[in-house]
Amino acid sequence: MARLENSEIAALFGEMADLLQIDGGDRHRIAAFRRAARIIEGLPRPAEELLSRGELDSVRGIGSGTVHRVKQMLRRHSCDDLDQLRRKVGPGLREMLKIKGIGPTTVRNIHNRLGIETIDQLEYAAQAGAIEAMPRMGTAMVHKILAGVEAYRKRRGKVPLIEAQRVGRRIIASLASLPEVARIELAGSVRRGKAAIGDLDVLVASSDPGPVSSRFQSLPDVEEVLLRGDTRCSVRLRNQQQADLRVLPPQSFGAGLHYFTGSKLHNIELRLRAGRMGLKVSDKGVFTRDEQLIDPCPEEADVFRHLALPWIPPELRENQGEVEAADRKRLPKLIEAGDLLGDLHMHTTDSDGAGTLREMSERARELGHRYIAITDHSKALRIANGLDEPRLAAQLQRIRRLDAQFDDLQLRSGIEVDILANGDLDLDPALLAQLDWVVASVHRWTEQDEATMTKRVIRAIHSGVVDCIGHPTGRRPGKRDAYPLDLEAVLAAARDHDVALECNGGPNRMDLGDVDCRRCRERGVAVALNTDAHAPRHLGRPEFALAMARRGWLEREHVLNAQPWEVIAARRARRLRDHGDPQWRAVPILVQVPAGPDTDTDAAVELDQDRGGGPTGSEDHAWIDLEPLEFPPAVAQAPVEEGSAAAVAEPVEDRDALRAALTQAPLGAELRERLSAWLMSAAADPTLERALTELGEERGENPLQVGFDLLSKPL
DNA sequence: GCCGTTTTCGGCCCGACTGTTTTCAGTCG
Ligand SMILES: Nc1nc2c(ncn2[C@H]2C[C@H](O)[C@@H](COP(=O)(O)OP(=O)(O)OP(=O)(O)O)O2)c(=O)[nH]1
Ligand SMILES: [Mg+2]
Ligand SMILES: [Mg+2]
Ligand SMILES: [Zn+2]
C-alpha cells in the first residue's frame with residue numbers, strides 16, 4: 001500500500017465527521033474531527049514523521065484520540081470507528097450532505113422514515129409526495145430539495161483564483177458605482193489568495209443596504225437568487241458559482257471584513273481567544289462578555305488590537321499557527337512583489353511564447369527586473385515548437401549579444417528542459433552545462449505511478465545541470481490533481497543538490513501550492529517564484545506565485561529570485577563542480593552555429609523580431625485565458641486587458657460555416673493557425689470561441705478541450 | 001475529541017435566514 005499523504009488522512013477524518021454527523025454523534029466531537037482534518041491537511045511535514053518523532057499530539061487541535069486513529073490509518077487506510085460508521089451509514093447518504101439546504105438532520109430523518117439511501121431515491125420520494133407527508137416538511141421544502149438536487153447535478157467544482165477574481169472584480173465594479181456604497185471589498189478565500197475558490201464573497205459598507213442588494217441581484221451574471229435578507233444575499237452565477245453579498249454599516253466594516261475573510265477556523269480560533277480575554281467578537285465588532293459594545297471596529301486592525309494581536313495578513317488566516325505566532329510577535333515577514341529581483345521562467349517566440357526575445361527583455365527592463373532567464377521548451381514538446389540542440393545553441397549566442405546591449409538587465413540563457421519518461425533530460429547535458437540556468441519539468445508521460453515518477457524527477461535533480469524543478473506536482477487548481485509523487489523524497493534530493501523547486505505563477509498552475517511552499521521552507525529548499533510568462537504582459541503578473549508563497553509562510557530569504565543573480569550563479573557553479581561531469585567542461589560548445597546573419601548583431605536582432613514559426617503548439621500552458629469560456633456573451637462588452645489583442649477586429653463570418661469547417665478532417669493550415677492563436681490567448685476570436693462552445697456542448701466538453709482535441713488530431 | 005489567564009471537568013464562535021416553529025430547529029456563512 002502506498003504511503004498515506006496528509007491530504008488523504010485529512011479526507012478520512014472528514015469522512016468520519018460526515019458519517020458521525022448523519023449518525024447523530026456529539027457535535028463537538030464532530031467539530032473536533034473536522035478541525036483535525038483541516039489541521040493535518042495543512043501540516044508542513046508528513047503526519048507519519050511527526051508521529052514517529054512523538055510530536056504529532058503536541059500540534060494544537062490534535063490529541064491522543066487523533067494520534068491513535070492516525071496510527072491505524074497509516075497501517076490500513078482506515079480506523080476502527082470509521083469501519084463501524086461505514087457499516088452504519090451508506091456512502092449515498094454522505095453524498096446527500098453536499099446538496100445545499102440539506103443537512104445531517106434531514107438526511108437522517110428521511111433515511112429513518114423512508115429508507116432512502118441515494119440522491120436518486122431522494123428525488124423520486126420528493127416527486128412522489130413522500131417527503132411532503134413527513135412531519136416538519138412542506139411544499140416549500142420539497143421544492144428546495146428538488147432545486148438542490150438539480151443544482152448539485154449541475155455543480156461546478158472549484159474555480160482557479162484568476163477566474164474568481166475576474167468575476168468578482170466585475171461585480172465590484174458594478175456595485176461600486178452606486179452612491180449608497182461607502183466601501184466594498186472582495187473577501188473570503190479570494191482575499192486569502194487560495195488557488196481554488198469555492199464561492200465569491202463580497203462585503204459592502206453602506207447605511208442603505210436595499211439598493212445595493214437590488215443591484216447585486218440584477219447583475220447580468222446572476223442566474224438565480226438563492227436567498228435574500230436584510231443584510232445578506234446569495235446568488236448563483238451563470239458559471240454555477242455562488243456569490244454571497246454581505247452589507248453592514250460603515251462603522252463596523254473592519255469587523256465585517258475580518259469575519260467575511262475567514263477562514264472559518266481562523267475566526268473560531270480568534271473568537272475563542274476573545275472569550276478567554278472576557279470579550280466577544282462578531283461581525284459587528286468587539287463586545288464585553290455581557291454584550292456591551294466596546295468598538296464596532298471600522299478597520300480590521302481594530303479587531304486584532306482589542307485581542308492584543310498585530311494585524312495578520314489574510315493569506316495566513318488558516319488556523320495553521322498564525323494566531324499563536326502573532327501572539328508571540330513571531331509572524332513571518334512575508335515575501336512581497338518588491339522583493340523579487342528577477343524572473344526565472346519564461347517563453348519566447350522560439351517555442352510557444354507570444355513575445356520575441358527582445359520584447360520579453362524590454363518588458364522586463366520596464367518592470368525594473370535586475371535579471372531574467374529565458375527558458376523556452378525543449379524538443380520533446382514538438383507541439384510547443386521546443387528547441388533542439390542547434391536551435392538552443394543559436395539562441396544562447398543571440399542572448400549573449402542582446403545581453404551585451406543592456407546595462408540595466410542581466411539577460412541569462414536558460415531552458416525549460418523536459419524530463420523524459422526515464423528521468424533523462426531531453427537535451428545533451430554538455431550543452432545544458434553551458435547555459436546559465438536550467439529548469440527541468442515534467443510535461444508528458446504523467447500517468448506514471450508514484451515510484452516511477454519520483455525516481456524520474458530525482459534522476460533529473462541528480463544530473464547536476466538542473467537548477468530548478470518546474471511546476472513540480474503538475475496540478476491544475478480546480479481542474480486536475482497533482483500526479484502521484486513522493487514530494488518528501490524530491491525535497492531531500494533537492495536539498496542535497498542545492499536545487500530549487502519552482503512555484504509556478506501561471507494562474508492555471510500555481511504549482512507548488514501553499515502547503516508545499518511551506519514544506520520547502522521547513523526542509524530548507526529554495527523556492528523560485530516564476531511567472532512562466534508566455535507573453536510580455538505576463539511578466540508583470542507575479543501575484544499568483546506570490547499568493548502561494550505568502551500562504552506558505554515564505555520570507556525573502558526562502559525565495560531564490562529574491563536574491564541577486566550572483567547568488568544563483570554561485571549555486572550553479574558549485575553544483576556543476578560537485579555533481580557535474582568533468583567531460584562537460586572539456587567541450588566548448590556542442591553545436592557549430594552556422595555563420596551568417598545570426599553572427600551579426602543587428603541582423604540577429606532582426607532575426608529575433610521575425611515571428612516566423614510562431615506559436616504552433618497546443619500544450620495548454622500556464623496562462624491560457626479562461627475568462628471567455630465562462631461568460632461568452634459578457635466577454636464582448638468586457639474591458640479588454642492591456643496588451644491583449646483588443647485591436648483585432650471581429651471577423652464577420654458565419655459561425656455555422658466555421659463550425660462545419662472545424663469538423664472537417666484534416667483541418668486546413670490556416671484554421672490550425674487560428675486555433676492555436678486562440679488557444680495561446682494571442683488573439684481574441686469570439687466567433688471561433690462560440691463555434692467551439694457549440695461543438696463542446698454536443699460532446700459535453702469545454703471549448704478549450706475541443707480546441708486541443710482538434711489540434712492534436714493528425715494532419 | 002480537545003483543552004485550560006475560570007476550569008483536568010465542563011465547556012466548545014456567533015449570527016442571518018428559512019420554513020410552519022406558535023417559541024424554534026436546521027442550515028449556512
Ligand atoms: N465565524 C464564522 N465564520 C464563518 C463560518 N463559515 C464561514 N465563515 C466566514 C469565513 C469564511 O471565509 C467566509 C466566507 O465563507 P465561505 O463559505 O465562502 O468560505 P471561503 O470563502 O473561506 O472558502 P470557499 O472558497 O468559498 O469555499 O465566511 C462559521 O461557521 N463561523
Ligand atoms: Mg467563499
Ligand atoms: Mg461564501
Ligand atoms: Zn512547463
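Note that these values count all heavy atoms, side chains included, but never hydrogens, waters or copies made by symmetry. Chain letters run A, B, ... following the sequence lines, proteins first, then strands; residues in each count from 1. What you are looking at is a predicted structure, and each value in this text was computed from that prediction instead of being measured.
- B/dC3 and B/dT8: their C1' atoms are spaced 9 Å apart (whole Å).
- One atom, NZ of A/K280, and another, C1' of B/dC13, lie 10 Å apart when rounded to the nearest Å.
- Taking the P atom of each, B/dC12 and B/dT5 are spaced 15 Å apart, rounded to whole Å.
- The pair A/E318-A/K194 does not count as a salt bridge, with every side-chain nitrogen at least 4.0 angstrom from each carboxylate oxygen.
- Rounded to whole Å, atom C1' of B/dT18 lies 13 Å from atom CZ of A/R228.
- For the side-chain hydrogen bond (donor to acceptor under 3.5 Å, both in side chains) criterion with A/E322, the lone passing option out of A/R330, A/R317, A/H266 is A/H266.
- Nucleotides B/dC13 and B/dT27 are separated by 16 Å at their C1' atoms, to the nearest Å.
- Looking only at distances, a side-chain donor or acceptor of A/E555 sits under 3.5 Å from a matching main-chain atom of A/K333.
- The shortest distance between the side-chain N/O atoms of A/R69 and the OP1/OP2 oxygens of B/dG1 is below 4.0 Å.
- Distances shorter than 4.0 Å separate some side-chain N or O of A/K100 from OP1 or OP2 on B/dG29.
- Spacing of P atoms, B/dT6 relative to B/dC2, comes out at 23 Å, to the nearest Å.
- In this structure, the CZ atom of A/R273 is 16 Å from the C1' atom of B/dC3, given to the nearest Å.
- A side-chain donor-acceptor contact under 3.5 Å links A/S218 to the backbone of A/S214.
- At a threshold of 4.0 angstrom between heavy atoms, the contacts of A/D26 include nucleobase atoms, whether or not backbone atoms are also involved.
- Distance A/L272 CG to B/dG4 C1': 12 Å, rounded to the nearest Å.
- For A/S64 and B/dG1, the shortest distance from a side-chain N or O to OP1 or OP2 is not below 4.0 Å.
- One N or O donor and one acceptor, one from the side chain of A/Y259 and one from the base of B/dG29, sit under 3.5 Å apart.
- Nucleotide B/dT8 forms a pair with no other nucleotide shown, judged by Watson-Crick or G-U wobble geometry with both contacts under 3.5 Å.
- As rounded to whole Å, 17 Å separates atom C1' of B/dG10 from atom CZ of A/R29.
- Ring planes of A/F304 and A/H258: perpendicular class, angle over 60° (limits at 30 and 60°).
- Nucleotides B/dG26 and B/dT20, compared at atom C1', are 13 Å apart to the nearest Å.
- Across the interface with DNA chain B, nearest-nucleotide mapping of A/V59 and A/I99 shows A/V59 to be the residue nearer the 5′ end.
- The distance from atom CE of A/M137 to atom P of B/dT18 is 18 Å, rounded to the nearest whole Å.
- Here the side chains of A/V281 and A/L270 are not in contact, with every heavy-atom distance at 4.5 Å or above.
- Between A/D18 and A/R34 there is a salt bridge, with a side-chain nitrogen of the basic residue lying less than 4.0 Å from a carboxylate oxygen of the acidic one.
- In this structure, A/R276 places its CZ atom 11 Å from P of B/dC13, rounding to the nearest Å.
- Residue-level contact check: A/I268 touches the bases, meaning some heavy atom is under 4.0 Å from a base atom.
- A distance-only check finds no donor-acceptor pair linking the side chain of A/E132 to the backbone of A/V142 [under 3.5 Å].
- Between the CG atom of A/L279 and the C1' atom of B/dC13 there is a distance of 14 Å, given to the nearest Å.
- A sub-4.0 Å separation between OP1 or OP2 of B/dG29 and a side-chain N or O of A/S234 is absent.
- With salt bridges taken as basic N to acidic carboxylate O contacts below 4.0 Å, one links A/E324 and A/R328.
- Nearest to the side-chain atoms of A/T66 among the listed nucleotides B/dT21, B/dG1, B/dG29 stands B/dG1.
- The side chain of A/P104 lies closest to B/dT27 when the candidates are B/dT27, B/dC17, B/dG19.
- Taking for each of A/L226 and A/S282 the nucleotide of DNA chain B with the nearest heavy atom, the 5'-most of the two is the partner of A/S282.
- Against DNA chain B, the stretch residues 30-53 of chain A makes heavy-atom approaches under 4.0 Å through A/A32, A/F33.
- Checking the phosphate oxygens (OP1, OP2) of B/dT27, no side-chain nitrogen or oxygen of A/K144 falls inside 4.0 Å.
- Minimum atom distance to the side chain of A/D244 is reached by B/dG29, of the listed B/dG19, B/dG29, B/dC17.
- B/dG11 and B/dG19 have their C1' atoms separated by 31 Å, given to the nearest Å.
- Here A/Q242 reaches the OP1 or OP2 of B/dG29: one of its side-chain N or O atoms lies under 4.0 Å away.
- Contact annotation: A/R60 does not reach the phosphate of B/dG1 (side-chain N/O to OP1 or OP2, under 4.0 Å).
- Between the side chain of A/R475 and the backbone N or O of A/M510, at least one donor-acceptor pair lies under 3.5 Å.
- In this structure, A/I62 reaches the sugar-phosphate backbone alone: every heavy-atom distance under 4.0 Å involves primed, P, OP1 or OP2 atoms, never a base.
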